[in-house]
Amino acid sequence: MTQTISRRHFMQAAAFAGTAGLSGVFPGMSFAQDGRKLTVRFNRDFDSLDPGFYVGGHPNNDVNWCCMPSLVHYGFRDGQATWIPSPFVESVVARDSTHIDFRLKQGLMWSNGFGELTTDDVAFSYERMTTSEWKSDYVAFDRVDIMDRYSGTIVLNQPFAPFMNTTLASGTGIILSRKATESVGGKFTTEAPATCGPYVYAWTQGQHVKLTRNPEWTGDAPYFDSIDALIVTEDDSAALAFEAGELDCTQISSEALARYKEKPPADSALTVAGALQYMWLGMNTEHPKLKDLRVRRAIQSAVDQASIIQGAYAGTAEASYGVVSPGLVGKRDSAGYSHDPGMARSLIEEAGASGLELTLRTLNNQERILAATIIQANLAEIGINVTVMPLDAGPFWEMGQESKGDTWKDLEIWIMRFGSGPDPYEPFQWFIRDQVGIWNWERWSSDEFEELFKMGIEEVDSNERAKIYTRMQEIMEETGAYVWLTHEPEVFIHRSDISAKFAPSGEMQLPYFSRT
Amino acid sequence: MLIYIVKRIGLAVLIILLAVLALFVMLHSIPGDPVSIALGPRATPEIQAAYAAKMNLDKPLFTQFLIFLGNVLTGDLGTDVFSNRSVAKTLLGQLPYTISLAVASLGWAVALGIPMGCISATKPNGWLDRITGLVSIGTIAVPSFLVSIWAILVFAIHLNIFPVIGAGDQGDLADMALHLVLPSFAVGLGWVGYLARMVRASMLEVMGENYIRSARAFGLTTQTIIYRYALRVAILPTITLIGVGFGGLLSGTVFAEIIFARPGIGKVIYDMVLNRNFPVVQGAVMMTVALYAVVTLASDIIVSILDPRVRESL
Amino acid sequence: MEALLDIHRLSVEFNTARGRVHALRDVSISVPKGKVVGIVGESGSGKSTLVWAVMRLLAGNSIVADGKITFRGEDVLSFDESALREFRGESVSMVFQDPMTSQIPVLDYRRQMTDILYRRKGLSRQEKIRMAARFMNRVGIPDADDRLRHFPHQFSGGMRQRAGIAMALLMDPALLIADEPTTALDVTMEAQIIHLIREAQTDFGATVMVISHNLGLIAELCDKVVVMYAGEVVEQGDVKDIFFNAHHPYTQALLECDPSHDLKQERHFPTIPGDVPDLHGTPKGCVFAQRCRHASDICQYKRPGEYPIAGGHASDAHAARCHRYDPGGVWKELPKSETPKASTRIDVHVERDAPPLLEIKDLRVRFPVMGRVRALASGISDPHVDAVAGVSLAIRTGETLGLVGESGSGKTTLARAVLGLNRVHSGSIRFRKEELVGLPENTYKKMRRDIAMMFQDPVGSLSPRQTVGQLLSEPLIIHGERDLPLRDAAEKLCDMVSLPRNFLSRYPHELSGGQARRVGVARALALSPALVIADEPTAGLDVSVQGEVLNLMIELQALHGLSYLIISHNLPVIRQVSDILAIMYLGRIVEYGACSQVFEKPAHPYSEALVRGTPRPDPSRRRKLVSIEGEVPSLTNRPGGCEFHPRCPYATDRCRKEQPSPTRLVDGRTVLCHFPLAG
Amino acid sequence: MTMDAVGTFRQRPEKLALLLKNKQGMIGFVLVVAFFLSALLAPFLATHDPAQLDIPARLTGPGADHWLGADQLGRDTYSRVLYGGRVALKVAAIGVTLSLVIGLTLGMVAGYGPRWLDNALLLLFDTIRSFPTIVLALAAVSLLGPSLNLILSIVIITSIPSYARLARTSTLALKNTEFIMAERSLGAGTFRILFRHVMPNVIGPLLILAAMDVPVVVTIEAGLSFLGLGVLPPTASWGTILNEGYLVIRTSPWPVVAGGIPLVLTTLGFTLLGEALRDIFDPKLRGIR
């Protein structure tokens, strides 16, 4: 087995400024009709293909990248992931920090007779996003200047470092047909009124998405004739199915990862797509029980991060020391505290808080429950009695929001995980003063932090950015409201003869898959 | 007979209506704002308001119920807030998988369990009876979700005979049948023993009845007595039981669908419960209730056809 | 005479958890070809075991310990499975005691009968069906083609038994065994079935074996009689020998106990004291010795042989298993103690002129017969039946009123209505001039002290999880007499009904029928009522025990000045205890008057049918004809005109059209008939 | 002793002795006693604190220290199985007792009370029964959050109909029996009739049903916990052991085996015992569960 796990230092800040040295090419030899078939797994059913109305923060990029145009895709340069011009364009060039020039390929036709892909569609799609549910990705977007039928310029209203990577290359950078979208009233869900891409899809709810070659596609051919994406929500079932030979590629749980590292199934390979998740134990600094900084610091020292990584993640997750994920600028290598139950106990005694009763809220999935169980045991050692309260997604995601009832007042401690795009700017936006009661559930604020946040957005020098973001994480840590836990990697297992390509956000880039 | 059936159908409808009411009350007594529960955290206030108006959540509760009931009666189970699809359409797409799993499970359990029970009952305490007794008690004792887990381990991984996940290629009947093997094995296994014991006990009781003795006194053959007389009566409580037990079977399919990653109503409920997709949960629960009501109705009607005494009661 | 079936020294035992039970011992019976043999005995006599032994259908825990059964010279006990099937299918047939449970409920008669004919391989299905229809017609079921499609529960009890007989005759059996064929049936139906069996016997030339506890039926039907007691044959012989010249003390006592034996109004019943012996061990001496009036020392330790009695009527040897008839025996007559039968007629003082204790006027009780939906669907506007349709009667202090009728006549409903257990639709019930109808329960409760009821089933009317002590003290507790020493009160009640005091800690299922009935009597009398309503006080009891209960009731009546309302279908019993008789038919009283008059000269044709219809234990007075045909119609389907007209042998056009109104005869009787037969 | 018409002997021997003679009943009895004892004595029988973490011992197989191995947090599976039995016992005892008491009362009221009340209650029972338990539980847990009390409530609510229907049927049969008529004719009040005369005659079959219901209840708890909707950590229940074990089933099958076997044995024990009791006391009851 070829172990392709390697720490990809995914992005350099310079990536933005550079022009693309290579562009995306689908690996297919033109129309070799030898029945090349791939079976992969989607871990959820899809809800919406409309980039304006993705639900729940988990875009169905896998399908969109097969059937819809976008200007850039994720790719690799010098072994590092970055954006690359997609097979839909002749070129994409960032002229300066606020202008991006692009030129579409000619003759790419929308399905259902909606004509050719044009600059107008690009302008329509991006402008539409500014009023959509995902407008936050487009705050820096100003307009698209149309040069001609195929070329144009994206204009930003301010320099915005992450725009290519977190917006255009992600699921929200998908381009729709103006005519087709308007023909169905301006939005759609699972049935795109027109597609344009190497594949067309057919979806059977709850079962699978079948991707087959688009007969109208005139661009590069992908390798596989057909791709069957089975919808399997349980990681364990998917792993079993992979072992039983029913899947060629699937994302796996950390427990399975540990097992496969130890004892890999025959003819298979593991690929880490990315580790852009950051998980921490949050504390409500305004809650009477946690108002005392000493109590929060005690908790920081009491939690045994190593046990959590071992116990709940089978040693496969990376230790976290802040909100910046591995491979990004500003990633810290250590925290300002360490696991020290003795000190934690004395802090608690100092604060006169022994016998404290706390409620730990967490999403109801197995790994989090295990992590919560370990935290529960850790805190018990220093005399804090913890009740674990598992919650389903709905109540979990609204418990700290002032607009969604009164739970935020009772909120004590919780395990939280956010995901980010491949730019360090992203995580910090949720912890600024304006976010208190929205996503800043820890409910603290700091003038220095606000200052640094603004500086970070405009700064393009990566060393400076690193300094800014490191300092910001220190500020967070000093509030005592954060116990850094893990960065969970998104790991896939696939047949070793398959060359698999993934977005750093953890989706399969199916048109780029091939068999060697 | 006709009156019986009409009355029985009326009862079934009434039960479904009551169940719908119960469900409605349950869903509306959740702590929290139904709109934000339904839409999740990232929805804007405008979208929430639009949703509330669309779902009539801004109207009084009773009005909401009437609208809801009216919709249900016209086959409109609401709209999935996430995909904007009709819930009824979504569920109808899933229903065949649940039904085929239930039917396959029950089918092989009946095909095996009833003969097993008959054979045991003809020679009680014989060696065959002892073996079937052991087998049936063994199958009863293992809960279906354990069977599912263990079956996956043994059959799919170690033996690698049967497919583990999904329902197979649509349209490819052989493939779909193959995908049914393990789940229906897991769901039906407990029923084999259950039915075998049930039929055995029932047969033994019937064999002690006076009319069996009179049949013997008239010199009828053992074959006739067992299969035409005793079984004919002993099967009646079994049919009723299958109807009543269908609820338990549906619970079993929920586990099987989750573990085997099969599409179906149970899986939908589980997934949607975790996503808090309430319109779908609500519709799916209603559909299982209706399914159950239809099955018990069918079993009662079958019994009434087979048993003239029942026809004239009620 | 050639014996078709010969049972020789048959012994059957059962293995039970408590040891081996000797159900049949040394039983020898021969059934002559073409004759009707009756086997008579009380419960526990082993008569049913005998039948099942012959059919080789004994329960699994039985052992044929000894003996031989020969049928047409073949050894039945050595038949293999197929020979046995042929024996059962072709040679012997049975009519069962309870047609309801012995006919499979889910198959129609056509299917059941064609199944029986499966041996007739030469017949086509159509021929089999035609044959079935012919036999249905033969046993008096009209529209047989249509009726064959019916299921057992759709037939009335009498029809079911007719169908049962048709099934039994279908294969033209050489031997027909009828096991208590009329026990589940009413008097008028019983007569018809007896008639049918006799016809079948003559028409088909079959040999018949009848099992019954009913002496009247045996006397009417049989040529030869076998008397069984506790698993043994105690006496057998020609029917006339048994009934007119009984030799065994048990046979004699049994005949004496039968209330229809004695036509005089004695108000005292002979009894056989003691219980049937426990068959777990083998009694050393005579099985009847414990209860025998004539028992001598030898009877206690030596088992008597079957001794022939000289001077029998027919060629069939008359024999009795009693030491008295041992020619070489040493039996000596003991000095006779006072025979208990010495006439101790008790007179009850009836206040003729006083106002009635209980007066019922125009009482109506209605029941819904179907749900509203069903009624609506069937287009029936009033889905009710009148179970009691305008009944009036009166009972004075110290008087006994007998209420007679077949099942479904409404007599039990009437009784329960008096106690407020059934809702009254209209009419009045006055007790000591106080209106009971519409009384709220808390006021009613006070009246319950004075009106007590004894229910039909001696054991079943006692709450099964309560001890006798609890049961006896319960009336006192309910009526607030908690201060009373309950234990003493219960013991006193025990003494009153001559029940040993140690029974107080027993549960109902540990009591015999007679003992349970005594508890019922004691419970009824616990609060010293003025009126006791007794629903079938002798039902479920063997004749030898019936007498004890009735005697007790009569004694207590004299002692406490009680009034009785006794409900029964047993005419001989009613005749002996009642002052006034009311005969009910379809919820109405058709004849009402002094008991003796009704019995001597029944005025209503229905009364006549009942009085004449009861089989007498007198083989010399066999009836040639059945007086009335058919069955009691369903309450939902009352005939127009006089409701009895479809069954009345005297019915005229007027009867068919016009409903009669109560007519008072000169002797004071009231009759519901256009043409009363008397007065 | 009486002999009935078909020539067998009806007996009322000592029934407990019969139970012990019945081989299946005996096995069931032993298993049930073992279940009770192991649950009650768990603190004495356990070798470890069931919540004690020991990450280095993660997923070790059976050995001297961990008799049945350890789970992914290094907790002792043997001790967790014992303590899991306590959860099962608690659910079974409280769930079955309450549903029996409520079911019995409702059933008697339905059977003895007026027709309209009977119809209303029957409708209620049928409605409850038309919700498959797991489906109802899924919906309820999603609304109210997982907890043992919620599972208990669902178990009770969904079991009540079977008890109530059984009690109702028996009561209905008793309602018109002569001994109840006799009590009424004596003037006994409804309360006295129901609890002194009806209940003792109705409760027997319900107790048998209860015995056969225990495995069902235990399985519901285990199933919900298996789906992650059951008891809260760090409480060990057989379902959570299975749930956590399923995650690592390929690495170490011990938790799934160790959590599954007591569930199977308990089910087996109560089923055997219940069936033996039923066969001895009331053969007509088959099919109540």
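Every chain is numbered from 1, with letters handed out A, B, ... down the list of sequences. Keep in mind the model is a prediction, meaning the values are calculated, not measured.
Residues that satisfy the side chain to side chain contact (heavy atoms under 4.5 Å, CB included) test with Thr132(B), not counting sequence neighbours, are Met116(B), Ser120(B), Asp129(B). Residues forming a side chain to side chain donor-acceptor pair (under 3.5 Å) with Arg216(B) (at least two apart in sequence, or on another chain): none.
Side-chain contact between Leu263(D) and Pro143(B): present, with at least one pair of heavy atoms (C-beta onward) separated by less than 4.5 Å. Contact annotation: the side chain of Thr267(D) never approaches that of Val142(B) to less than 4.5 Å [non-hydrogen atoms, C-beta and beyond]. Leu123(D) is listed as a side-chain neighbour of Ile15(B), based on a closest heavy-atom distance under 4.5 Å. The shortest distance between side-chain heavy atoms of Leu242(D) and Phe145(B) falls below 4.5 Å.
Going from atom CZ of Phe131(D) over to atom OG of Ser251(B) covers 12.5 Å, rounded to the nearest 0.5 Å. Between atom CG of residue Leu227(D) and atom OH of residue Tyr270(B) there is a gap of 5.0 Å, rounded to the nearest 0.5 Å. Distance check: Asp126(D) CG to Leu18(B) CG gives 10.0 Å after rounding to the nearest 0.5 Å. Taking CG of Leu14(B) as the start and OG1 of Thr127(D) as the end, the distance is 7.0 Å to the nearest 0.5 Å.
Contact annotation for Leu146(B): only side-chain heavy atoms (C-beta onward) come within less than 4.5 Å of a heavy atom of chain D. Neither the backbone nor the side chain of Ala293(B) comes within less than 4.5 Å of any heavy atom of chain D. Both the backbone and the side chain of Ala222(D) come within less than 4.5 Å of a heavy atom in chain B. Heavy atoms of Val256(D) lying under 4.5 Å from chain B belong to its backbone as well as its side chain.
The number of heavy atoms from other shown groups lying within 6.0 Å of CH2 (Trp191(B)) is above 12.
When each of Ile261(D), Thr271(D), Ile134(D) is checked for heavy-atom pairs under 4.5 Å with chain B, Ile134(D) comes out on top. Interface check for chain D: of the options Ile259(B), Ile265(B), Leu17(B), the most heavy-atom pairs under 4.5 Å are formed by Ile259(B). Most heavy-atom pairs under 4.5 Å with chain D: of the set Thr238(B), Leu291(B), Val244(B), Ile137(B), this distinction falls to Ile137(B).
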